[in-house]
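Taking it in order: structure first as structure tokens, then the write-up.
In the text below, chain A, chain B and the rest are named by the order of the sequence lines, each starting its count at 1. Only this structure's heavy atoms are used, side chains among them; waters, hydrogens and symmetry mates stay out.
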Amino acid sequence: MELIKTEHLYLMQSKLKDQLLAWIESNKNWPILTTSIAKKWLIDGDGLKDRSITRDLNWGIPVEKEGQPWEGMENKVFYVWFDAPIAYISSTIDWAASKKMHSDYWKSWWLNDHGAKDVHYVQFMAKDNIPFHTLSFPATLLGANQSWKLVDYIKGFNWLTYEGGKFSTSQKRGVFMDQALDLFPSDYWRWWLLSNAPETSDADFTWTSFQSCINKDLADVLGNFVSRLTKFALSKYGKTIPEGKKYTQHEFDTVSEIEKIFESYDEAMTKIEIRKAASHLRKIWSIGNEYLQHSQPWMIIKTDKAEAAKVIRFAFNLMLFFSEISEPFIPETATKIKTCLRKSEAKIQWPSLEDNFTSIFEKVKVGEEFNPIENLFTKIEDGQANSLEEQFAGN
RNA sequence: GGGGGGUUAGCUCAGUUGGUUAGAGCAGAGCGCUCAUAACGCUUUGGUCACAGGUUCGAGUCCUGUACCCCCUACCA
């Protein structure tokens, strides 16, 4: 080890301590994880310390002053968490330019005196990043004294662990992005990661859990619903949504049951309670199977083809509804379902509780056609799960 | 050392401002169905809510202490 003497720039965030604390405390609905970490840094020990924002590294954004070399700052770069959040702003400028918006458009997102007061700004991050987003970046913005928009809500997460331990790139322990998408479609990962998001404490990824979650929730509950419906309809009525009777009590009851759960789902989404939302969504999917099971179109068709056709038509409407409300969790599958119903060109429509909810289940109409569809999800076999567990166990 | 989070059924987790018999999914058991990826539906067995005190008419829910797990407290991000 060699000690060297070096001079750095510091963000004098200690001067903003009271202002930051007042701001943190004004955000009453933030996750406890977020505020507790912020307060710990603010209050503990000597309170918020000034933080160096430059580093002696040979890579990074060079420290310059107004585009010119800065005496004493040669060979220095900015510390990433000083630099990176500023790119949140600059990326907005690039984005607005790419959309050919007028040159000041980005300001309506970032400056309160240019309309950013109307913006609801949410950040998502794991707990190790919380100090930079609750303290140093806000300090940077506040210190500039220019009416910069501060974040409205910080969704802090705990960590994801791997088979009871830490992920480790060096030890090749765990699955990483470069391999994950070669192994399974992105919706598999999305579903597991979201329905098991580390919201209250660290969450542990295990292949056993992954396998069970994907097979049960996606393949059995949602995938099988689509499969049994489309295959039955195809074999009995062909590709056309059949003429049938009008909806009766069973359909209306099913709609109101769905409406009730959808309300909770909608609320969980608004409050960014991800696990809770996922479980509501899963419950709504399962109502599809319950409906079919209780309606027994395979029995009824023997005596009353129009009655069975009604069941099929309603079930297709459930299917469309499922695709619309599943889009945040499994967008690729949602699109597959819409494509099957030949409605892929229609924009995903988040159902509104204001509307007549029953009308949502009348969008798939008699006479429309659907495309036969492959199984939405392939199950993960025990052998596959076991060998993956071995493959990614690390050194 | 200081601090944060967690500890609820075999497993993963919900439990709203403390209020009567603590919930869900998975796993287990039984029954049913056969359209479907042996999938689906119905019923059902599992909990002295980590432990010990305390406050209260009443605590998983509040307070104190203890134990265990994870994390933060790096010129690594």
Side-chain angles (χ1 to χ4, degrees), chain A residues 3-8 10 31-46 49 51-57 60 76-77 79-84 125-132 156-161 164-166 192 195-206 208-236 264 267-268 271 273 275-276 278-280 282-283 285-301 308 311-312 315 374-381:
Chain A
L3 291 178
I4 58 166
K5 204 164 187 174
T6 181
E7 203 171 327
H8 282 299
Y10 274 71
I32 189 165
L33 180 71
T34 304
T35 47
S36 64
I37 291 176
K39 285 187 182 175
K40 146 83 177 140
W41 284 54
L42 273 166
I43 297 166
D44 253 44
D46 304 331
K49 291 176 196 149
R51 205 165 168 104
S52 68
I53 55 168
T54 52
R55 294 286 182 277
D56 293 307
L57 294 173
K76 290 183 193 300
V77 297
Y79 175 57
V80 66
W81 285 117
F82 174 73
D83 176 65
M125 70 198 64
K127 55 190 172 187
D128 51 335
N129 270 328
I130 287 176
F132 309 113
F157 289 98
N158 288 281
W159 279 349
L160 185 66
T161 54
K166 287 187 178 182
W192 192 90
S195 61
N196 294 281
E199 286 178 301
T200 49
S201 59
D202 289 355
D204 191 34
F205 177 90
T206 64
T208 311
S209 161
F210 183 71
Q211 179 192 17
S212 153
C213 240
I214 299 310
N215 290 356
K216 206 63 212 173
D217 299 347
L218 296 186
D220 290 349
V221 177
L222 177 61
N224 186 49
F225 169 75
V226 170
S227 169
R228 66 197 297 204
L229 168 63
T230 52
K231 284 175 184 164
F232 180 80
L234 188 66
S235 71
K236 306 295 180 189
S264 308
E267 189 191 334
K271 290 159 83 174
E273 294 176 336
R275 278 180 181 230
K276 199 174 278 182
S279 81
H280 288 310
R282 185 193 186 284
K283 176 60 191 162
W285 293 339
S286 74
I287 291 173
N289 283 314
E290 286 169 33
Y291 171 77
L292 281 183
Q293 201 66 34
H294 294 146
S295 303
Q296 302 188 77
W298 51 89
M299 283 289 287
I300 296 173
I301 196 168
V311 172
I312 294 309
E374 295 294 312
N375 287 340
L376 290 173
F377 307 99
T378 307
K379 288 204 195 189
I380 303 169
E381 304 297 333

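Rounded to an integer number of Å, the gap from NZ of Lys283(A) to C1' of G41(B) is 11 Å. Between Glu374(A) atom CD and A39(B) atom C1' the separation is 17 Å, expressed in whole Å. Between Ile287(A) atom CD1 and G25(B) atom P the separation is 12 Å, expressed in whole Å. Atom pair Tyr291(A):OH and C42(B):C1' shows a separation of 18 Å (rounding to whole Å applied). Spacing between atom CD of Glu199(A) and atom C1' of A14(B) amounts to 12 Å, rounded to whole angstrom units. If you measure from atom CE of Met299(A) to atom C1' of G41(B), you get 14 Å, rounded to the nearest angstrom. Rounded to an integer number of Å, the gap from CG of Leu292(A) to P of A36(B) is 12 Å. Nucleotide C33(B) holds its P atom 21 Å from the CG atom of Asp220(A), rounded to whole Å.
The C1' atoms of C26(B) and G19(B) are separated by 31 Å, rounded to the nearest whole Å. Rounded to a whole angstrom, the distance from the C1' atom of U20(B) to that of G28(B) is 31 Å. Using C1' as the reference atom, G5(B) and A9(B) are 23 Å apart when rounded to the nearest Å. Rounded to the nearest Å, the gap between the C1' atom of U61(B) and that of G18(B) is 6 Å. Separation of the P atoms belonging to G6(B) and A50(B) is 12 Å when rounded to the nearest angstrom. Here the separation of C63(B) from G47(B), taken at their C1' atoms, is 25 Å to the nearest Å. Only the C1' atoms considered, U7(B) is 12 Å distant from G60(B), to the nearest whole Å. Across the P atoms, A27(B) and C40(B) are found 8 Å apart, a figure rounded to whole Å.
Base pairing of C40(B): its partner is G32(B), meeting the Watson-Crick or G-U wobble criterion (both donor-acceptor distances under 3.5 Å). Applying the Watson-Crick and G-U wobble criteria (two distances, each under 3.5 Å), G1(B) pairs with U73(B). A22(B) is unpaired under the criterion used here, namely a Watson-Crick or G-U wobble arrangement in which both key atom distances are under 3.5 Å. Base pairing of A52(B) is made with U64(B), judged by Watson-Crick or G-U wobble geometry with both donor-acceptor distances under 3.5 Å.
The structure places CD of Gln293(A) at 12.0 Å from CZ of Phe225(A), a figure rounded to the nearest 0.5 Å. A distance of 8.0 Å separates CZ in Phe205(A) from CG in Leu160(A), rounded to the nearest 0.5 Å.
An aromatic stacking contact links Trp298(A) with the base of C35(B), defined here by ring centres under 5.5 Å apart and ring planes under 30° from parallel.
Shown here, G46(B) is classed syn by the O4'-C1'-N9-C4 or O4'-C1'-N1-C2 angle, which is within 90° of 0.
Using a 4.0 Å heavy-atom criterion, one finds that Asn289(A) contacts the sugar-phosphate atoms exclusively. Base engagement by Lys379(A) is indicated by at least one non-hydrogen atom pair under 4.0 Å involving a base atom. Within the 4.0 angstrom heavy-atom criterion, base atoms lie near Phe377(A).
If you check the side chains of Lys283(A) and Ser264(A), you find no donor sitting under 3.5 Å from an acceptor.
For Asn224(A), counting side-chain heavy atoms from C-beta on, the closest listed nucleotide (U37(B), G25(B), G5(B)) is U37(B). With C33(B), G25(B), C42(B) as the choices, the nucleotide that has an atom nearest any side-chain atom of Arg282(A) turns out to be G25(B).
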Restricting both atoms to N or O, compile the protein contacts to nucleotides 71-77 of chain B shorter than 3.5 Å, with distance only.
from, atom 1, to, atom 2, distance (Å)
A77(B), N7, Tyr79(A), OH, 3.2

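OP1 or OP2 of U37(B) lies within a sub-4.0 Å distance of a side-chain N or O belonging to Lys231(A). Under 4.0 angstrom from either OP1 or OP2 of A24(B) there lies no side-chain N or O belonging to Arg275(A). Contact annotation: Lys276(A) side-chain N/O to U16(B) OP1/OP2 distance is not under 4.0 Å.
Remark on RNA chain B: of its neighbouring residues Ala203(A) and Val221(A), the 5'-side contact belongs to Ala203(A), judged by nearest-heavy-atom nucleotide. Taking the nucleotide of RNA chain B with the nearest heavy atom to each of Lys236(A) and Asp217(A), the more 5' of the two is matched to Asp217(A).
With hydrogens and angles ignored, the 3.5 Å screen pairs no side-chain donor or acceptor of Ser227(A) with any backbone N or O of Gly223(A). Formation of a donor-acceptor pair under 3.5 Å by the Asn215(A) side chain with backbone atoms of Lys379(A) is not found in this model.
The nearest pair of heavy atoms linking Glu199(A) to Asn158(A) is O-ND2, 3.5 Å. Contact between Ala233(A) and Ile312(A) at its shortest, heavy atoms only, is CB-CG2, 3.9 Å. When all heavy atoms of Asp220(A) and Asn289(A) are compared, the closest pair comes out as O-ND2, 3.9 Å.
Residues Asp83(A) and Arg55(A) are not paired through a salt bridge, judged by the lack of any N-O separation under 4.0 Å between the basic side chain and the carboxylate.
Side-chain contact between Tyr79(A) and Ser52(A) is absent, with no heavy atoms from C-beta onward closer than 4.5 Å.
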